[in-house]
Amino acid sequence: MNFKALILNLDYTPVAICTVQRAFLLVYLRKAILLEANSTFALHTVNETYSMPSVIKLNRYVDIPYKKVVLNRDNIFKRDGFTCQYCGNTKELTLDHLVPKAKGGKTTWNNLITACKTCNSKKGNASLEETGLLLNIKPYRPSYIMYLKDLSGNNYEEWKPYLDTKNIRVA
Ligand SMILES: [Zn+2]
């Protein structure tokens, strides 16, 4: 299995996700310390058993340039929980421009929404007001932290406290 580890900066802010092998190496080279080990699995060599890193913290502060989540179909779906934001359908998903392209609507986080085929065609080239469709969320640009959180799914219990935005100090 391909396990991943969460890398935290010196101040505990999440910076990246890497393979367990890389995390192990960073700890081994003393560039990072192990904060949380995978609770179920361990790494085995012929003679030894090592904890499998799940969360590691870097030993020095690294300046991370502001990371943007790439605007694409998959990431819009991910932001919207793979659910039509009009009716809650989870099948036959498409991207809908809130302000239709034909009316000058842009391809941006704020103008794109996950919509099922039915709602999308109901909406057509009309604006929201014209169709009377109700939107579940106000579309937004997800933060990198939120994106990491989504990626973590339910498989990484150990990550949760570190990805909880309440615990994250914003520099
Ligand atoms: Zn729908």
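Nothing here was measured: the structure is a model prediction, and the numbers come from that model. Both counts, for ligands and for their atoms, begin at 1 and track the order of listing.
- Glu48 places no side-chain N or O within 3.5 Å of a backbone atom of Val46 that could act as its donor or acceptor partner.
- Qualifying salt bridge (charged side-chain N to carboxylate O under 4.0 Å, His left out) partners for Lys103, counting only residues two or more places apart in sequence or in other chains: Glu130.
- With 3.5 Å as the limit, one finds a donor-acceptor pair spanning the side chains of Asn120 and Thr94.
- In this view, Phe24 and Tyr50 satisfy the ring-ring contact (aromatic ring centres under 6.0 Å, His included) rule, not counting sequence neighbours.
- With sequence neighbours excluded, the residues that form a salt bridge (charged side-chain N to carboxylate O under 4.0 Å, His left out) with Lys117 are Glu92.
- A donor atom on one side chain and an acceptor atom on the other are found under 3.5 Å apart for Ser39 and Glu158.
- Excluding waters, the set of protein N, O or S atoms lying under 2.8 Å from the Zn ion (ligand 1) comprises Cys84 SG, Cys87 SG, Cys116 SG, Cys119 SG.
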